[in-house]
Amino acid sequence: MSDPVAKLPSELDQLPDRDAEETAEWAASVDAVAHHAGPHRAAYLMRRTLQHAEAAGVPVPRLLETDYVNTIPTAAEPVCDGDVEMEARITAWNRWNAAAMVTRGSKLGVGGHIATFASAAWLYETGFNHFFRGKEGDGSGDQLYIQGHAAPGIYARAFLDGRLTEAHLDNFRQEAGGAGLPSYPHPRRLPWLWEFPTVSMGLGPLSAIYQARFNRYLHNRGIKDTSRSHVWAFLGDGEMDEPESTAALALASRERLDNLTFVINCNLQRLDGPVRANFKIVQELEAQFRGAGWNVVKILWGSAWDEVFRLDTAGALVRRLREVPDAQFQTYATRDVAYIREHFFGAEPALVELGRLLSDDKIAECFYTSRGGHEAHKVYAAYRAALAHRGAPTVILAQTVKGHTLGKGFASKNANHQMKKLTVDEFKGMRDLLGLPIADSAFDGGVVPYGHPGADSPEVRYLQERRAALGGPAPARRVHQVALPDPAVTSPRAFQALEKGSGKQEMATTMAFVRLMKDLMRDKETGRRWVPIVPDEARTFGMESLFPSAGIYSPLGQTYEPVDRDQLMYYKEATDGQILNEGITEAGSMADFIAAASSYATHGEPMIPFYIFYSMFGWQRTGDQMWQLADQLGKGFIVGATAGRTTLTGEGLQHADGHSHLIASTNPASLNYDPAFAYEISVIVKDGLRRMYGEARPGEDSDVFYYLTVYNEPKPQPAMPEGVEEGIVKGLYRFNEGVPASAGAPRIQLLGSGTAIHWALEAQRILAAEWGVTADVWSATSWGELRRDALEADAALLRGEERVPYVRQALAGAPGPVLAVSDWMRQVPDQISQWVEQDWSSLGTDGFGLSDTREAARRHFGVDPQSIVVAALAQLARRGEVPATAVKEARERYGL
């Protein structure tokens with residue numbers, strides 16, 4: 001060759017070459033092919049060689065991208081084991097009813113989405129007919145994460161199989177009356193059907209990965225045989241823009257989760273327009289997933305393309321398909337054939353010749369409708385390949401047309417996500433296209449009719465027979481209530497250890513909580529059901545002692561000798577490990593928690609997760625997942641450790657949480673507690689286990705979770721006073737009653753939560769010793785539960801029932817004003833101010849956190865004992881109970 005390829009530096013230059021002459025011959029062969037047959041032929045041969053080497057077990061890197069063609073050749077597609085024509089009729093009815101339901105609802109302004117299911121119908125129907133296992137076999141079945149905007153199609157199928165009626169469909173997005181269908185998959189709103197909420201985009205794929213991982217966790221720990229359960233996550237290509245969608249791809253491949261399949265509907269459109277207008281989303285996703293270690297299956301082209309590919313002897317078609325950007329291909333689906341001939345086939349002479357061999361009808365079929373995701377046999381082949389693959393998860397990239405079968409007004413239009421209805425004429429055109437027996441007279445009055453072939457029709461019988469063979473209806477949520485043995489009965493000493501106090505020994509409430517968990521994990525009845533979850537901060541929270549005893553879960557066990565193996569608390573990983581130590585990912589840890597928290601329904605196995613994290617990095621970072629948890633009816637304990645704005649010395653603004661209780665108060669399923677003492681933790685956990693996993697009292701919702709904040713500030717832990725359990729659970733009790741210094745001494749009520757109780761107690765002492773003021777100190781274990789009870793009391797009054805809020809009952813007759821103090825923003829205790837009859841004021845840590853000692857930070861925010869004293873005197877001075885000069889004198893005395 002006259003122009004040898006310039007040699008570039010390579011990492012291979014550092015390695016010994018046993019036969020440099022042979023290496024040069026291989027390189028020369030590549031040069032020769034490229035020179036004589038062209039670079040495309042050279043690339044083809046290299047790929048064939050790599051493919052052969054991989055099949056032969058030669059360890060070579062895999063390509064990140066393949067051509068823009070189907071992964072499974074037509075000749076290799078397995079024969080579908082069903083009645084294809086029958087399944088087409090079933091799918092037609094479901095397409096119709098999904099569109100009819102949304103269109104009928106649009107007259108009331110409630111909206112809905114039509115185009116998503118229209119493009120993805122065969123992706124779902126093929127799964128329901130052949131793959132998705134129901135729960136009537138092993139109680140688990142498969143787990144289906146349905147794309148939120150495709151919900152109308154799932155409702156349409158449930159209507160066809162008799163699980164929903166026309167009245168249900170007419171109540172789509174009309175839930176206020178209690179008989180409506182939620183807009184998207186919402187288990188809390190439709191708990192017999194939906195298992196997983198998915199429409200907060202990105203959380204579905206993240207949760208699906210951790211659900212597949214938790215299935216393995218249950219299996220490896222011997223809790224339940226989940227070896228047959230498969231997780232299917234249906235996603236949109238636009239949804240993959242969300243960071244959470246791809247955040248855990250490496251985890252899935254690292255742990256070899258071949259029980260997981262992503263099905264990404266690549267219709268090339270997001271909500272406003274093309275997903276990758278100037279690029280190719282399928283190729284991008286292929287490279288991303290292959291790079292993360294996933295098995296990738298592409299189903300891009302329908303059968304109409306087979307002939308075209310056979311005619312492409314020069315490879316020009318494949319090259320052109322790869323180079324055309326997505327937005328242009330979307331345009332082809334909406335333009336006439338002449339435009340396609342000019343702009344697609346006119347790109348080079350070989351394509352012009354290819355185009356001449358194709359009729360206009362063939363080109364129209366290929367470019368308008370023929371996509372792999374629209375053909376059941378191609379979807380079937382992809383699903384079979386996914387289930388057959390071992391050692392890695394699979395992603396199926398299925399190309400479709402958004403708005404397929406809905407007519408020219410919908411298909412591939414940028415606005416089709418916002419289009420909520422079809423006209424009567426458009427419905428008639430859709431009817432004719434789908435071949436449905438719906439008469440014109442059925443449209444009288446302009447109302448689109450629902451369609452149903454009859455409860456005893458061949459279509460319905462076939463559908464129900466297929467589902468029976470696969471284990472019953474899907475999706476479906478099943479709850480078999482199993483009350484766990486009460487740990488308060490089976491392991492009373494675990495609770496008693498905290499309730500008797502620590503004597504002179506100082507203990508942070510974080511450590512008190514961890515000690516309780518360690519003891520409960522040893523319980524013979526329920527210990528194995530505890531699921532400790534921590535995002536790589538176990539040592540911070542004093543949990544390292546759990547490492548050797550409970551073990552850290554790893555599907556590979558421990559393939560190395562840990563560096564601290566000779567120490568008592570060494571880092572132990574095990575296939576049956578109990579701890580989920582997730583690394584630095586609050587999002588992953590929350591996904592773990594959600595899977596464990598809903599295992600009682602998903603698998604019929606109640607688990608008790610507790611997730612402990614830096615308080616600042618919980619609700620603030622993953623609050624959306626807390627809502628997902630609530631929607632999924634999850635149960636368990638979320639623990640914000642190192643809580644408060646002033647207790648974590650030295651860390652500063654980004655670690656100083658003074659607001660998580662405020663965010664948590666917005667979630668109706670979250671019961672939020674800020675315990676001050678170890679015995680309060682004992683009582684709260686005991687009550688939580690009873691309510692969530694035991695016998696809930698009449699009127700109690702057991703589908704809740706608990707948020708506890710615990711502190712890293714060591715303090716002596718007192719023994720539990722008698723008779724305070726009810727107040728701890730309800731949110732308020734008097735911890736310390738002040739002794740009047742003299743008859744008629746001014747009096748004030750100090751309410752404190754969490755670590756602030758200690759500041760209030762010191763303020764109580766100063767007020768009595770230096771100012772002759774008597775203060776009672778109350779422990780406010782839950783501002784949120786006090787508010788919840790008060791709101792319920794207000795609602796009861798509107799119904800004509802006499803009910804007094806608990807906070808008013810507790811403080812009834814307490815003399816003097818009320819001053820509330822906490823390590824939180826003032827808005828946290830101010831939640832209950834309107835139900836307190838006494839004069840109210842509060843102190844809090846409003847503003848940004850900062851680095852300093854605890855004492856300096858508390859002085860900065862005005863919540864230290866001396867600041868509390870001045871605020872108390874100011875309240876009393878306004879009432880005329882102490883001289884106004886006392887406030888000025890106190891400020892000067894304490895340097896405020």
Side-chain angles (χ1 to χ4, degrees), residues 113 143 145-151 182-191 194-214 231 233-236 238-249 251 262 270-271 533-535 580 582-598 602 609-640 654 657-672 703-709 784:
H113 299 283
Q143 288 77 56
Y145 287 78
I146 305 295
Q147 191 179 0
H149 295 132
S183 51
Y184 305 121
H186 288 304
R188 186 167 285 274
R189 291 300 184 205
L190 201 62
W194 298 119
E195 280 198 282
F196 308 107
T198 56
V199 84
S200 188
M201 290 191 179
L203 298 190
L206 179 69
S207 292
I209 290 174
Y210 281 90
Q211 181 65 57
R213 197 265 196 117
F214 190 75
V231 177
F234 288 84
L235 320 167
E239 182 177 3
M240 300 311 293
D241 286 345
E242 285 285 5
E244 293 86 354
S245 294
T246 56
L249 297 187
L251 168 73
F262 276 16
R270 48 164 94 107
L271 308 188
I533 303 167
V534 60
L580 292 174
E582 285 308 344
I584 305 175
T585 167
E586 285 82 9
S589 299
M590 265 307 300
D592 264 336
F593 187 91
I594 292 169
S598 52
T602 308
F610 70 91
Y611 165 35
I612 188 167
F613 53 87
Y614 264 101
S615 174
M616 184 70 165
F617 304 141
W619 286 88
Q620 178 166 294
R621 284 193 177 180
T622 56
D624 197 10
Q625 287 176 287
M626 310 294 189
W627 279 96
Q628 181 187 12
L629 168 66
D631 195 358
Q632 203 164 312
L633 289 80
K635 311 168 189 275
F637 297 94
I638 295 177
V639 184
Q654 291 182 332
D657 172 28
H659 52 276
S660 67
H661 270 285
L662 201 61
I663 305 174
S665 70
T666 64
N667 193 309
S670 181
L671 278 58
N672 310 311
D703 295 324
V704 295
F705 59 94
Y706 282 63
Y707 176 53
L708 281 72
T709 44

Task: Inter-residue atom distance Arg270.CZ - Glu239.CD, 0.5 Å rounding - done: 12.5 Å

Open item on the list: Please find the pair of heavy atoms, one from Asp657 and one from Ser660, that lie closest to each other, and give the distance.
Closed with: OD2-OG, 2.7 Å

- [ ] For residues Leu629 and Ile638, determine if any side-chain heavy atom of one lies less than 4.5 Å from a side-chain heavy atom of the other.
- [x] yes

Task: Exercise: identify the closest heavy-atom pair between Ala591 and Gln625 - done: N-NE2, 3.7 Å

TODO: Taking all heavy atoms of Leu206 and all of Ala248, pick out the closest pair and write down the distance.
DONE: CD1-CB, 3.9 Å

- [ ] Please name the pair of heavy atoms, one in Met616 and one in His659, separated by the smallest distance, quoted to 0.1 Å.
- [x] SD-CE1, 3.6 Å

Open item on the list: Testing Tyr611, Phe613, Tyr707, Trp627 one by one against Trp619 for a ring pair (Phe, Tyr, Trp, His ring centres under 6.0 Å), which residue passes?
Closed with: Tyr707

Task: Test item: Tyr614 and Gln620 side chains (from C-beta on) under 4.5 Å apart, heavy atoms - done: no

Open item on the list: Please report the interatomic distance CZ(Phe593) to CD1(Ile612), rounded to the nearest 0.5 Å.
Closed with: 12.0 Å

TODO: Look up atom CD in Glu244 and atom OG in Ser207, then write down how far apart they are to the nearest 0.5 Å.
DONE: 10.0 Å

Open item on the list: Please find the pair of heavy atoms, one from Ala669 and one from Asp703, that lie closest to each other, and give the distance.
Closed with: CB-O, 4.2 Å

Task: Close side-chain approach of Met626 and Met590, heavy atoms under 4.5 Å - done: yes

TODO: Tell me, yes or no, whether the heavy-atom count around Arg188 atom CZ, taken from other residues, nucleotides or ligands under 6.0 Å, exceeds 12.
DONE: yes

Task: Between CD1 on residue Ile146 and CH2 on residue Trp194, distance to nearest 0.5 Å - done: 6.0 Å

Task: Rounded distance (nearest 0.5 Å) linking atom CG of Leu235 with atom CZ of Phe262 - done: 5.5 Å

Open item on the list: In the structure I gave you, are the side-chain heavy atoms of His149 and Val199 within less than 4.5 Å of one another anywhere?
Closed with: yes

TODO: Measure the spacing between CD1 of Ile594 and CD of Gln632 and express it to the nearest 0.5 Å.
DONE: 6.0 Å

TODO: Would you indicate whether the side-chain heavy atoms of Phe196 and Pro187 approach each other to under 4.5 Å?
DONE: no

Task: Closest heavy-atom pair and its distance - Tyr145, Gly204 - done: CD2-O, 3.8 Å

Task: Thr709 and Asn672: CA distance, side-chain angles, deciding distance, side-chain contact (heavy atoms from CB on, under 4.5 Å) verdict - done: CA-CA 8 Å; Thr709 44; Asn672 310 311; over 6 Å; no

Open item on the list: Under 3.5 Å, is there a donor on one side chain and an acceptor on the other for Glu586 and Thr622?
Closed with: no

